[in-house]
Amino acid sequence: MSRLKIIFLLLMASVSVMAQTEEVDTLGVDSVDVALPWPQNIQYRLDSLMQSKLLETSMVGMIVYDLTADSILYKVNERQALRPASTMKLVTAITALDRLGGSYQFRTQLYHTGSIEENTLKGDLYCVGGFDPAFNGDDLRAFVESVHQMGIDTICGRVVADLSMKDADLLGEGWCWDDDNPKLSPLSIGRDIEFLDRFVKKLSEDSIVFAGIRLSNSSLPNDARILCTRTHTMDQILQRMMKVSDNFYAEAMFYQLGAAIGRRPAKAKDAASVVKQLIQKVGNGKNPYRVADGSGLSLYNYVTPELEMRLLRYAYRNSQIYQHLLPSLPIAGRDGTLKTRMKGTFAEENVKAKTGTVTGVSALAGYCTAANGHQLCFSIINQGIMKSDPGRNFQDKVCNALCAP
């Protein structure tokens, strides 16, 4: 098709859009763009969406990248520093998979010191936290069973929590005081940080007798001996972290990064330094980013749509990352935080992406397949919106435009 004919069709389509003021608020695809070749048809649809009334009072940063053609398909305000909300979990997940690997395990361990004489432990039990957010009642029962397996029915000593894996901060930097924030302890059970109380109660219920019980916090001594190790896989943590946007799981993964570089106790700034190393690796190291936490709860996080696109592209090109990341993402119209979105559109069960919502921000970033078979990745961050629904509707329209024939 000649350039002149393309321009003529675009002009005619613009007249049609102006005549139908509500057209940009529908999920339908304008029939005029059917005659346009790839990628002008996609670009025309997105240009039409940029006329939305939503953007008269708010802003959007957006970029769409054609992974198959290795080229930018569309961009607007792509280098604007914006708050990512929970799309920050994409940054955390990709960094963790890159640094720790898909076989990494989240670990909680039980040790003892002293000696066992006539079924009595003359020493201490040490619960060593590795910030495994999935540690649950079954794992606690395994701890108790391991004590029984050693023939112990009486404990003359302390029950100790080793919390040295991370610092003592229970909340993240820049978290709002009135949010439902998880408490960031490396030793917890079902988000309950009263781990030792739960453990002692379970031991007592299981006929373990304490001779003068004492609870304390201390680091594991070198001569301690292992009783039990409970683990959860990277994929198990990713599934909940990404599908339902679990902030506690994301922060647990974030602090693994700090611990992985030998920081004890690990701090948020240690984990952030690992994230920044990957940012430099993908070619965006000089831009003004701010990494404050791993979940996106913090008001101090700032990224750009371009950065999220570069990380998604990096993950796509690295099969060791992509094979773990993609199955963890919510699927439009099917599960997770996208379960009720994009139903009845071309994006349904096509878009696999991470959502993000905090006050004033709505975001979506991930992958989809265009009608011509090209694999795309995208980042959309709506900022300055008073309600989240208009932002989500805009993002859904963008995704439908990318997936429609």
Side-chain angles (χ1 to χ4, degrees), residues 83-102 104-106 129-135 165-167 169-176 179-186 188 190-191 193 232-260 266-276 278-279 289-303 307-308 311-312 315 321 324-330 336-338 352-358 361 363-366 379 381:
R83 291 168 56 202
S86 280
T87 60
M88 192 70 190
K89 293 181 176 71
L90 270 174
V91 180
T92 302
I94 293 170
T95 305
L97 287 167
D98 183 63
R99 186 63 183 243
L100 306 175
Y104 184 82
Q105 293 186 326
F106 293 68
F131 212 155
D132 177 1
F135 190 95
M165 183 264 191
K166 73 172 290 292
D167 60 21
D169 294 341
L170 293 180
L171 298 175
E173 181 188 20
W175 287 11
C176 292
D179 278 346
D180 184 18
N181 298 314
K183 291 182 171 60
L184 305 181
S185 171
S188 62
R191 288 177 169 73
I193 65 173
H232 289 93
T233 66
M234 175 67 81
D235 287 336
Q236 287 175 308
I237 305 305
L238 275 175
Q239 280 289 313
R240 183 168 181 84
M241 169 182 165
M242 305 298 276
K243 290 287 189 184
V244 301
S245 200
D246 193 302
N247 296 317
F248 185 56
Y249 277 53
E251 294 302 327
M253 187 166 291
F254 187 63
Y255 276 93
Q256 305 298 321
L257 296 172
K267 302 178 183 296
K269 66 178 183 180
D270 300 322
S273 70
V274 181
V275 176
K276 291 174 183 176
L278 182 58
I279 289 174
Y289 304 111
R290 178 75 188 276
V291 178
D293 68 11
S295 63
L297 280 175
S298 177
L299 298 176
Y300 303 157
N301 289 311
Y302 278 91
V303 302
L307 171 61
E308 290 193 335
L311 288 169
L312 288 165
I321 297 175
H324 296 280
L325 178 68
L326 190 66
S328 75
L329 294 175
T337 53
L338 288 180
K352 300 173 178 65
K354 183 71 197 73
T355 57
T357 306
V358 295
V361 181
L364 186 69
S379 171
I381 303 178

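The first residue of the sequence shown is numbered 1, and numbering continues consecutively from there. All values reported here derive from a predicted model rather than from experimental measurement.
In this model, no donor atom of one side chain and acceptor atom of the other lie less than 3.5 Å apart for Thr337 and Ser245. Side-chain atoms of Thr92 and Lys89 form no donor-acceptor pair, as typed in the model, at a separation below 3.5 Å. Under 3.5 Å, the side chains of Gln256 and Tyr104 contain a donor-acceptor pair of N or O atoms.
Listed here is the closest heavy atom pair of Thr95 and Leu257: CG2-CD1, 3.8 Å. Residues Ile193 and Ser185 come closest through the heavy atom pair CG2-CB, 3.6 Å. The two residues His232 and Asp132 come nearest to each other via the heavy atoms ND1-OD2, 2.7 Å. Taking each heavy atom of Glu308 and Met88 in turn, the nearest pair found is OE2-N, 4.5 Å.
Atom-to-atom distance recorded for Ile94:CD1 and Lys354:NZ is 12.5 Å, nearest 0.5 angstrom. Taken to the nearest 0.5 Å, the CG atom of Leu170 stands 6.5 Å off from the NZ atom of Lys166.
Side-chain atoms of Asn181 come within 3.5 Å of backbone atoms of Cys176 as a donor-acceptor pair (strictly under, hydrogens ignored). Using a distance-only test at 3.5 Å, with no hydrogens or angles considered, no donor-acceptor pair links the side chain of Asp293 to the main chain of Gly172. Checking side-chain atoms of Asp169 against main-chain N and O of Leu171 turns up no donor-acceptor pair under 3.5 Å. Without hydrogens or angle criteria, Glu251 side chain to Ser295 main chain gives a donor-acceptor distance under 3.5 Å. Under the 3.5 Å distance criterion, the side-chain polar atoms of Thr87 are left unmatched by any main-chain donor or acceptor of Gly356.
Under the 4.0 Å criterion applied to side-chain N and carboxylate O atoms, Arg191 and Asp246 are assigned as salt-bridge partners.
Two residues are said to be in side-chain contact when any heavy atoms from C-beta on lie closer than 4.5 Å; Trp175 and Asn247 fail this criterion.
Two rings, from Phe106 and Tyr249, have their centers 6.0 Å or more apart.
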